[in-house]
Amino acid sequence: MSSDSNRPGQSASSLDEIRAARLQKVDDLKQLGLNPFAYRWDVTANTADLQATYADLAAGEEVEVEVALAGRIVARRVFGKLAFFSLQDESGLIQLYLEKATIQEHMAATDENAFEHLKQLTDVGDILGVRGTIKRTEKGELSVKVQEYAMLTKALLPLPDKWHGLTDVAKRYRQRYLDLIVNPTARDTFRKRALITTGIRRYLEDRGFLEIETPVLQSEAGGAEARPFTTYHNTLEMDLYLRIATELHLKRLVVGGFERVFEIGRIFRNEGVSTRHNPEFTSVEFYQAYADYYDFMDLTEDLVATLAKDVLGTLKITYQGIDIDLTPPWTRVTMHDLVREHTGLDFHQFSTLEAAKAAVQDLKLHGVEDCDSVGKLLNEVFEQKIETTLIQPTFLIDHPVEISPLSKPHRSKPGVVERFELFVAGREIANGFSELTDPIDQRHRFELQAARKAAGDLEATGVDEDFLTALEHGMPPTCGEGIGIDRLVMLLTDSPSIRDVIAFPLLKPERED
RNA sequence: GGGUCGCUAGCUCAGCGGUAGAGCACUCGGCUUUUAACCGAUUGGUCCUGGGUUCGAAUCCCAGGCGACCCA
């Protein structure tokens with residue numbers, strides 16, 4: 001533990017006084033022969049189960065059943081010979097009914113002043129173990145009538161305000177443990193995140209998908225358009241990149257004969273931070289041989305609906321005040337049709353980039369000059385004018401080939417690929433396509449990327465010769481998809497910021513001075 | 001990258017040129033039915049940092065730090 005001056009945002013003296021008072025209590029406990037940092041406690045119950053089991057117990061009634069539980073004191077209401085604490089464990093809250101006569105009777109052998117010591121030596125924030133019976137108080141609060149207690153961990157620092165809680169968002173992220181202690185919705189979000197992640201894993205495994213881990217450190221970062229983080233391997237004397245997608249390695253596994261593979265894993269992109277972007281985030285990518293993008297749109301509908309039902313119990317959700325119905329099937333619309341509906345512009349009719357640029361002038365788009373193809377311009381129109389309007393779940397399909405370097409050409413429509421992106425609440429949640437299996441075409445697409453990279457495009461990737469060699473050995477027709485788990489969790493937990501669903505989001509360190 | 005807003009006690013906030021405040025928490029005293037307990041008393045501050053203006057700066061100005069939101 002560093003000195004107090006290292007603790008950010010906390011000026012010294014007052015906090016030091018609180019801390020000093022608690023350190024004195026640590027000493028007092030030791031003087032009494034009690035360990036303020038105990039080793040264990042036999043726990044036989046949790047608060048949520050007790051609340052459920054005794055939900056019908058009438059006010060004033062007691063049950064002579066012994067329970068033992070442990071948790072953090074989050075509130076104290078102390079009288080002369082009676083006290084009420086609120087004890088919080090992972091499952092919830094319960095009141096402790098702490099009566100002097102009862103406690104001193106049961107603890108006489110170990111501490112004849114146990115009740116006085118309880119009043120003097122415990123604080124909000126301490127971890128307490130208790131044993132006792134069940135009683136619903138005359139005012140109707142289900143309680144554990146404590147016979148014995150033990151300090152399990154003495155907290156030296158105070159918790160945030162019991163009523164206002166912790167609202168400073170920077171502090172919530174920097175000291176997430178405080179957020180978790182005082183904000184039940186934060187706990188609930190991470191619980192749901194875990195259910196969603198395991199739900200995805202179970203769903204895929206139930207359908208024969210095998211989870212295989214692929215490298216994070218790569219000599220060529222591919223599979224997406226994004227700036228990678230760069231690192232260096234000392235003994236190999238080479239630059240390495242943190243992966244920006246799991247795509248190209250999972251597809252190598254399909255070449256190798258695994259017909260259904262997936263990976264849930266951390267992805268790293270060296271890009272801006274916002275309410276929708278964290279430099280490291282979690283995706284699930286999955287690949288199924290002999291399937292196409294129609295199969296995966298069906299699968300995606302079923303997967304997301306299954307998760308919503310299992311985790312939330314409903315397909316009708318609310319995101320930031322907007323009602324969203326996840327009931328399949330979802331709208332499927334081509335990018336060309338959607339742009340035509342919104343702008344009246346039919347991008348099939350533009351034979352040259354110049355003609356397309358002239359046509360979009362009235363839309364006042366940003367970055368038109370950087371667009372080097374009609375397909376890219378079409379995508380810009382979508383992203384800048386339409387994306388945020390796709391509130392109900394919508395599959396945007398059949399993207400231009402120029403923005404889809406790993407997708408198989410559409411079987412009947414020239415210039416577009418068999419690709420879909422899922423949008424909900426105005427945000428991209430998933431991206432999938434019939435995988436390009438033609439190594440000649442794939443080499444051509446890579447070379448176009450490499451040319452852009454050579455021209456200074458930091459998001460363009462180079463030619464991955466190793467992957468091309470794999471493709472030349474033959475990859476079966478395959479569909480692949482990636483889902484942004486963070487954004488899916490945001491959607492299903494009604495979280496406005498990606499930082500609300502990442503336990504420890506990236507933050508700039510606070511300045512030391 | 002641009003703009004707007006914020007940063008004052010452990011927490012939540014007020015104060016906006018003239019002695020740094022409130023509620024809760026903490027400390028002490030009282031209290032056997034509280035649940036934001038109550039009653040009484042006492043504490044607690046590098047007003048984010050550094051410059052500047054001024055007789056005087058938490059307050060006005062400049063620069064920086066961190067954050068939030070919006071735009072790109």
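Fair warning: this is a prediction, and the values are worked out from it, not measured in the lab. Chain letters run A, B, ... following the sequence lines, proteins first, then strands; residues in each count from 1.
Each of B/G10, B/C11, B/C31 was ranked by its minimum atom distance to the side chain of A/P160; first place goes to B/C11. Nearest nucleotide to the side chain of A/L507, out of B/A72, B/G67, B/A25: B/G67. Taking every side-chain heavy atom of A/V169 into account, B/G67 is the closest of B/C31, B/G67, B/U35. In this structure, the nucleotide among B/U27, B/U32, B/G10 sitting nearest to the side chain of A/E99 is B/U32. You'll find that the side chain of A/E17 is closest to B/U43, out of B/G67, B/C26, B/U43. Minimum atom distance to the side chain of A/A101 is reached by B/U32, of the listed B/U32, B/U27, B/G67. You'll find that the side chain of A/H366 is closest to B/A72, out of B/U32, B/G10, B/A72. Nearest nucleotide to the side chain of A/F84, out of B/U33, B/G10, B/U27: B/U33. Side-chain proximity of A/E138 to B/U33, B/U43, B/C11: nearest is B/U33. Listed nucleotides: B/U35, B/G44, B/A25. Nearest to the side chain of A/Q95: B/U35.
Residues A/F84 and A/Y97 meet the side-chain proximity criterion, which asks for heavy atoms closer than 4.5 Å. Here the side chains of A/R499 and A/T275 are not in contact, with every heavy-atom distance at 4.5 Å or above. For the pair A/Y149/A/L118, a side-chain contact is recorded, criterion being any heavy-atom separation below 4.5 Å from C-beta on. Within the 4.5 Å cutoff, no side-chain heavy atoms of A/V130 are placed close to those of A/F85. A 4.5 Å side-chain heavy-atom check between A/L157 and A/I18 finds every atom pair outside the cut-off.
A/D126 and A/L121 get closest at one heavy-atom pair: OD2-O, 3.8 Å.
Using the Watson-Crick or G-U wobble rule with both distances under 3.5 Å, B/C31 pairs with nothing in any strand shown. With a cut-off of 3.5 Å on both pairing distances, the Watson-Crick or G-U wobble partner of B/G67 is B/C5. In this structure, B/U54 forms no base pair with any nucleotide, since neither Watson-Crick nor G-U wobble geometry is met with both distances under 3.5 Å. Under the Watson-Crick or G-U wobble criterion, with both distances below 3.5 Å, B/A25 has no partner in any strand shown.
In this entry the distance linking CD1 of A/I498 with P of B/C69 reads 13 Å, nearest Å. Computed from coordinates, the A/H277 NE2 to B/A72 P distance equals 14 Å when rounded to whole Å. Rounded to whole Å, the distance from CG on A/L159 to C1' on B/U12 is 15 Å. Distance CZ (A/R174) to P (B/G65): 14 Å, rounded to an integer number of Å. Rounded to whole Å, atom C1' of B/U32 lies 13 Å from atom CD of A/E116. Atoms CZ (A/R172) and P (B/G6) sit 21 Å apart, rounded to a whole Å. Rounded to whole angstrom, the span from the NZ atom of A/K119 across to the P atom of B/G30 amounts to 8 Å. Between the CZ atom of A/R19 and the P atom of B/U27 there is a distance of 15 Å, given to the nearest Å.
Of the charged side-chain nitrogens involved, at least one lies within less than 4.0 Å of a carboxylate oxygen, so that A/K192 and A/D188 count as a salt-bridged pair.
Taking atom P on both nucleotides, B/U42 is separated from B/G64 by 46 Å, rounded to a whole Å. Between B/C24 and B/U43, the two C1' atoms lie 15 Å apart (nearest whole Å). Comparing the P positions of B/C13 and B/G50 gives an interatomic distance of 25 Å, to the nearest angstrom. B/U53 sits 47 Å from B/G40 when the C1' atoms are compared, rounded to a whole Å. Distance noted for atom C1' between B/C66 and B/U49: 11 Å (whole Å). With C1' as the reference atom, B/U19 and B/A58 are 14 Å apart, rounded to whole Å. Here the separation of B/G3 from B/G10, taken at their C1' atoms, is 34 Å to the nearest Å. With both ends at atom P, the span from B/A20 to B/A9 equals 15 Å, rounded to whole Å.
Phosphate contact (OP1/OP2 of B/C11, side-chain N/O of A/K171, threshold under 4.0 Å): present.
Heavy atoms of A/T275 sit under 4.0 angstrom from primed sugar atoms or phosphate atoms, though from no base atom. Here A/K25 lies in heavy-atom contact (under 4.0 Å) with sugar-phosphate atoms only.
For the pair A/Q120 and A/G367, nearest-nucleotide mapping onto RNA chain B gives the more 5' position to A/Q120. For A/V124 and A/L166, each mapped to the nucleotide of RNA chain B holding its nearest heavy atom, the one lying further toward the 5' end belongs to A/L166.
Note: A/Y241 and A/Y232 fail the aromatic proximity criterion, with ring centroids not under 6.0 Å apart.
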